[in-house]
Amino acid sequence: MAIRITNGGVCAAAGFFASGIHCGIRANKAKKDLALIVSSVPAQAAAVYTTNLVKGAPIIVTKEHLQNGVAQAIVCNSGIANTCCADGVNTAREMARIAASELELKEANIIVASTGVIGRPLDLAPIRAGMPALVDALDHRPEASDSASNAIMTTDTIIKSVAVEFVLDGKICHLGGIAKGSGMIHPNMATMLVFITTDAAIAPELLQKALSGDIQKTFNMLSIDGDTSTNDMVVVMANGMAGNPEIVSEDESYAVFMQALNTVNVSLCRMIAGDGEGATRLLECQVSGAADPAAARTAAKSVICSSLLKAAMFGADANWGRVMCAIGYSGADVDISKIDISFRSPAGTIQVCEQGAGVEFSEELAKQILLEKEIEILVDLNSGSESATAWGCDLTYDYVKINGDYRT
């Protein structure tokens, strides 16, 4: 059985429940601000975190709690990041205690996350008062996953959720995830919040290896604005309730699990990129023909990160020289004289550069291609067989407007 897209997000997997409410952290009562994801049994857990030296207090606490590789619940608030606060770590610990008490779980099995404004203290009173309702609202239906997804959003404009179904040793398994991320996105693992659940049984060391390996091809190839944030993490919980024999080696079952994980992560990457702050276009740079994987990844990420290229895409301007420029300063080991570049979208494909030099092309057709909502930037380095893909968005006036008064 191939990997099949299904619905349900973090509730697609057996034994997982979710909820989201407005508890009062955010002034806007129409905006949910507290989310909960719970496994009915303790789960193997793995995580990756931001490399920013300035880290949110929840990351410090979550790292402590995941030292044994076991978790059973995730509690996350939006609106306040609980970062650079004098008593932030104690606040994060108390947030875990509040959730653990209401759920009747071990405090050490609670993952804590926060997202929002940096430097403002997080008032626990709304969280304490809202926790009973948050727990009462826990549900296994897809709507519950969407409710949790809504509660972790900040400047996001859409819910980011996906799930897949696959088979391991005759047992039907599910893996699903939700994410938040719209601005301050430039992962060096990682620049957003991503929560993934699966009912597959997999050994903890292999779960961590799968996650750490896949993010190099997915979330670390994503950029909205070049800013690596402070609170970001990707967490996966595997509760084994699908009943498959535990994956304990890098065998065929591990390969299938990796494919399922990659499918979910790529989908979430595309959703985050397409929902970049102020964005009007999703950009995908596909680099092929590289001499080695590092060159492919470096070149693709550099193109996606170029502010000049992003601005050109906003204006539907086929300024392919900006692609060449970004590759040239990327540090990738490439032969510039061999590079071919094309732009592709549902409106067609047009080649704009061959062997490192411009070719005649229709500006009218190029404009039509670049006016589409999803644009592919195709780069062939013609120097090998390695490839990589990176995702981003255009740079618009609205990005500045959104971030000009983010706190207010």
Side-chain angles (χ1 to χ4, degrees), residues 5 9 48 50 115 149 152-162 177-196 214-229 231-234 261-287 296-316 322-323 326 330 343-346 369-379 387-400 402-403:
I5 299 291
V48 286
T50 181
T115 182
S149 182
I152 66 175
M153 292 164 57
T154 50
T155 56
D156 307 64
T157 65
I158 61 169
I159 285 174
K160 301 171 178 71
S161 173
V162 66
I178 61 174
K180 67 82 51 183
S182 187
M184 216 174 186
I185 304 289
H186 184 76
N188 293 299
M189 213 48 257
T191 307
M192 66 253 125
L193 294 177
V194 180
F195 304 132
I196 300 168
D214 192 70
I215 63 164
Q216 305 303 328
K217 300 178 290 184
T218 53
F219 296 116
N220 276 2
M221 297 299 292
L222 170 66
S223 184
I224 300 298
D225 49 19
D227 273 287
T228 297
S229 190
N231 286 52
D232 313 314
M233 66 174 81
V234 177
L261 180 64
N262 180 258
T263 300
V264 165
N265 287 349
V266 167
S267 295
L268 292 175
C269 278
R270 290 177 57 85
M271 292 177 195
I272 292 170
D275 191 38
E277 289 176 340
T280 64
R281 292 179 179 85
L282 165 65
L283 307 180
E284 180 174 285
C285 181
Q286 301 175 18
V287 172
R297 288 194 296 266
T298 300
K301 190 74 175 284
S302 186
V303 171
I304 284 297
C305 290
S306 167
S307 294
L308 286 175
L309 185 278
K310 289 156 65 70
M313 294 299 97
F314 171 57
R322 293 179 176 179
V323 178
S330 69
F343 295 118
R344 183 170 66 193
S345 77
I369 290 170
L370 297 182
L371 282 171
E372 295 289 329
K373 294 295 184 182
E374 297 187 6
I375 309 297
E376 295 173 311
I377 304 163
L378 310 178
V379 177
S387 61
T389 302
W391 299 271
C393 63
D394 57 346
L395 179 60
T396 72
Y397 309 125
D398 284 340
Y399 177 83
V400 177
I402 291 168
N403 286 283

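Between the OG1 atom of Thr389 and the CZ atom of Arg270 there is a distance of 9.5 Å, given to the nearest 0.5 Å. Between the OG1 atom of Thr280 and the CG atom of Leu395 there is a distance of 10.0 Å, given to the nearest 0.5 Å. Interatomic distance, Lys180 NZ to Phe195 CZ, rounded to the nearest 0.5 Å: 10.0 Å. Atom OG of Ser161 is separated from atom CG of Leu268 by 7.5 Å, given to the nearest 0.5 angstrom.
Across all their heavy atoms, Glu374 and Pro346 have their closest contact at O-CD, 3.8 Å. Of all heavy-atom pairs spanning Asp394 and Ala279, the tightest one is OD1-CA, 3.4 Å. Summarising the geometry of Ser345 relative to Ile375, their closest heavy-atom pair is CB-CD1, 4.0 Å, with the distance given to 0.1 Å. Heavy atoms only, all atoms of each residue included: Ala296 and Ser387 are closest at CB-C, 3.6 Å. Nearest heavy-atom pair across Ser330 and Ala299 is OG-CA, 4.3 Å.
The shortest distance between side-chain heavy atoms of Leu371 and Arg281 falls below 4.5 Å. By the 4.5 Å heavy-atom criterion applied to side chains, Cys393 and Lys310 are counted as neighbours. Residues Met153 and Ile159 meet the side-chain proximity criterion, which asks for heavy atoms closer than 4.5 Å. Val162 has its side chain out of reach of Thr263: every pair of non-hydrogen atoms, C-beta onward, lies at least 4.5 Å apart.
Residues passing the side chain to side chain donor-acceptor pair (under 3.5 Å) test with Gln286 are Glu284, Glu376, sequence neighbours excluded. For the side chain to side chain contact (heavy atoms under 4.5 Å, CB included) test, residues two or more places apart in sequence or in another chain that qualify with Leu309 are Leu283, Val303, Ser306, Met313, Arg322, Val323, Ile377.
Checking side-chain atoms of Asp232 against main-chain N and O of Thr50 turns up no donor-acceptor pair under 3.5 Å. Of the possible polar contacts, none joining the Lys373 side chain to the Leu282 backbone as a donor-acceptor pair under 3.5 Å is found. Here the side chain of Asp156 pairs a donor or acceptor atom with the backbone of Gly181 at under 3.5 angstrom.
Under the side chain to side chain contact (heavy atoms under 4.5 Å, CB included) test applied with Lys160, the options Ile152, Leu193, Ile178, Ile272 reduce to a single match, Ile272. The side chain to side chain contact (heavy atoms under 4.5 Å, CB included) test with Val194 singles out one residue from Val264, Val234, Ile215, and that residue is Val234.
Side-chain contact of Lys301 with Ser223: a donor-acceptor pair under 3.5 Å is absent, judged by distance alone.
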